[in-house]
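A short worksheet on the structure shown next.
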Amino acid sequence: MPVAIITGASKGLGRALAAALAGRGWDLVLDARTRAVLDDTARELAGHGGRVRAVPGDVRDEGHRAELVARARALGGLDLLVNNASALGAEPLVRLDELPLEGLRRALETNVVAALGLVQQALPLLRASRAGGGAVINVSSDAGAEAYETWGGYGASKAALDQLSAVLGAEEPGLRVWAVDPGDMGTDLYRAAVPDDADPRPLPHTVVPAFLRLLDERPVSGRYDAPSLLVAS
Ligand SMILES: NC(=O)c1ccc[n+]([C@@H]2O[C@H](COP(=O)([O-])OP(=O)(O)OC[C@H]3O[C@@H](n4cnc5c(N)ncnc54)[C@H](OP(=O)(O)O)[C@@H]3O)[C@@H](O)[C@H]2O)c1
């Protein structure tokens with residue numbers, strides 16, 4: 001069975017994606033910082049068929065990233081890496097004139113540096129994937145492409161992640177590298193970003209078919225957005 005590492009998999013989009021892959025029999029290595037929540041998720045998903053390894057830790061920690069890759073290797077290799085864990089930089093979000101630089105550093109370290117670090121550590125296994133070349137999904141945001149007030153620090157980190165994804169796709173023609181904007185979702189991250197926004201947002205499981213479509217059809221490396229993938233499917 002194929003093997004995936006999904007960061008930030010205890011809740012929200014990461015959990016929804018993990019559930020869908022577990023349902024397809026994938027073996028999973030899941031990460032998040034809060035052990036109890038991650039363990040609950042792993043226990044639930046283990047009932048779906050594939051093997052599930054919960055590895056609590058912070059993606060900013062190089063040793064933790066190495067452990068994620070080692071656990072995938074122990075499951076037989078790595079076919080998909082999903083860099084999904086993310087930091088906002090300020091909760092709630094604030095305008096750039098107030099953004100603590102430490103928050104910006106945290107967003108860049110989590111959303112960009114850690115994502116590339118995990119890619120670097122995972123590349124040997126991804127290149128050797130038996131599934132016709134491994135795939136990387138870097139979870140992006142429209143905040144990386146549009147100028148929304150207060151989303152500047154987080155958006156800058158997602159723009160950087162998009163560019164890393166694009167260059168990685170050019171440098172690794174044997175892999176698929178997809179930066180994916182999932183669109184707004186009603187998750188803890190969104191509520192922390194904009195606590196006063198009472199408008200209902202789609203739940204994460206509703207965008208998962210867009211991600212599955214990428215895995216099924218394996219389009220060329222590039223930037224995709226879930227709403228377009230869902231409309232076209
Ligand atoms: N929600 C939206 O509207 C929206 C829109 C566009 C893009 N996105 C993107 O979608 C992705 C998923 O977000 P979500 O809305 O599903 O968020 P979420 O529900 O808050 O889940 C975030 C997950 O990441 C984990 N995490 C956070 N920081 C981590 C770290 N340093 N190391 C390891 N795990 C970490 C969290 O667990 P712990 O806190 O226990 O570590 C949790 O499992 C993110 O990349 C986000 O930028 C979301």
Side-chain angles (χ1 to χ4, degrees), residues 5-20 28-42 44-45 54-68 81-93 103 105-118 136-146 148 150-151 153-162 164-165 178-195 197 199-208 210-211 223-229:
I5 295 174
I6 304 176
T7 67
S10 63
K11 58 184 181 177
L13 177 63
R15 178 189 168 123
L17 190 53
L28 300 173
V29 179
L30 307 180
D31 129 293
R33 292 165 300 178
T34 312
R35 178 187 294 269
V37 182
L38 181 64
D39 283 347
D40 280 351
T41 294
E44 187 181 319
L45 300 190
V55 187
D58 191 317
V59 290
R60 292 173 294 176
D61 174 353
E62 185 178 354
H64 170 62
R65 296 194 301 264
E67 193 185 351
L68 294 173
L81 167 62
V82 183
N83 279 310
N84 169 74
S86 191
L88 289 163
E91 301 181 8
L93 293 172
R105 280 192 198 96
R106 189 164 62 247
L108 291 169
E109 190 71 33
T110 306
N111 306 350
V112 187
V113 178
L116 178 60
L118 190 49
V136 177
I137 292 177
N138 288 327
V139 180
S140 183
S141 168
D142 62 344
E146 304 291 337
Y148 301 130
T150 73
W151 291 83
Y154 168 83
S157 75
K158 293 296 190 178
L161 181 64
D162 283 354
L164 282 187
S165 305
W178 303 303
V180 184
D181 166 16
D184 285 353
M185 300 172 291
T187 65
D188 287 352
L189 180 138
Y190 191 85
R191 284 183 284 275
V194 200
D197 183 351
D199 286 349
R201 305 279 161 183
L203 293 176
H205 71 87
T206 63
V207 304
V208 166
F211 289 80
R223 190 180 193 281
Y224 294 82
D225 68 272
S228 306
L229 287 164

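Counting convention: from 1, in listed order, for ligands and their atoms alike.
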Pairwise distance CG(Asn111) to NZ(Lys158) - rounded to 0.5 angstrom: 5.0 Å
In Å and rounded to the nearest 0.5 Å, what is the CZ to CG distance from Arg65 to Leu81? 11.0 Å
Do Lys11 and Thr41 make a side-chain contact, defined as non-hydrogen atoms from C-beta onward lying under 4.5 Å apart? no
Between Ser86 and Leu189, is any pair of side-chain heavy atoms under 4.5 Å apart? yes
Once ring pair (Phe, Tyr, Trp, His ring centres under 6.0 Å) is applied, do any residues pair with Tyr154, and if so which ones, sequence neighbours excluded? Trp151
Flag side-chain contact, heavy atom, 4.5 Å: Leu45 against Leu30: yes
Using heavy atoms and a cut-off under 4.0 Å, could you grab the residues that are in contact with ligand 1, chain by chain, numbers ascending? Gly8, Ala9, Ser10, Lys11, Gly12, Leu13, Asp31, Ala32, Arg33, Thr34, Gly57, Asp58, Val59, Asn84, Ala85, Ser86, Thr110, Val139, Ser140, Ser141, Tyr154, Lys158, Pro182, Gly183, Asp184, Met185, Thr187, Asp188, Leu189, Tyr190
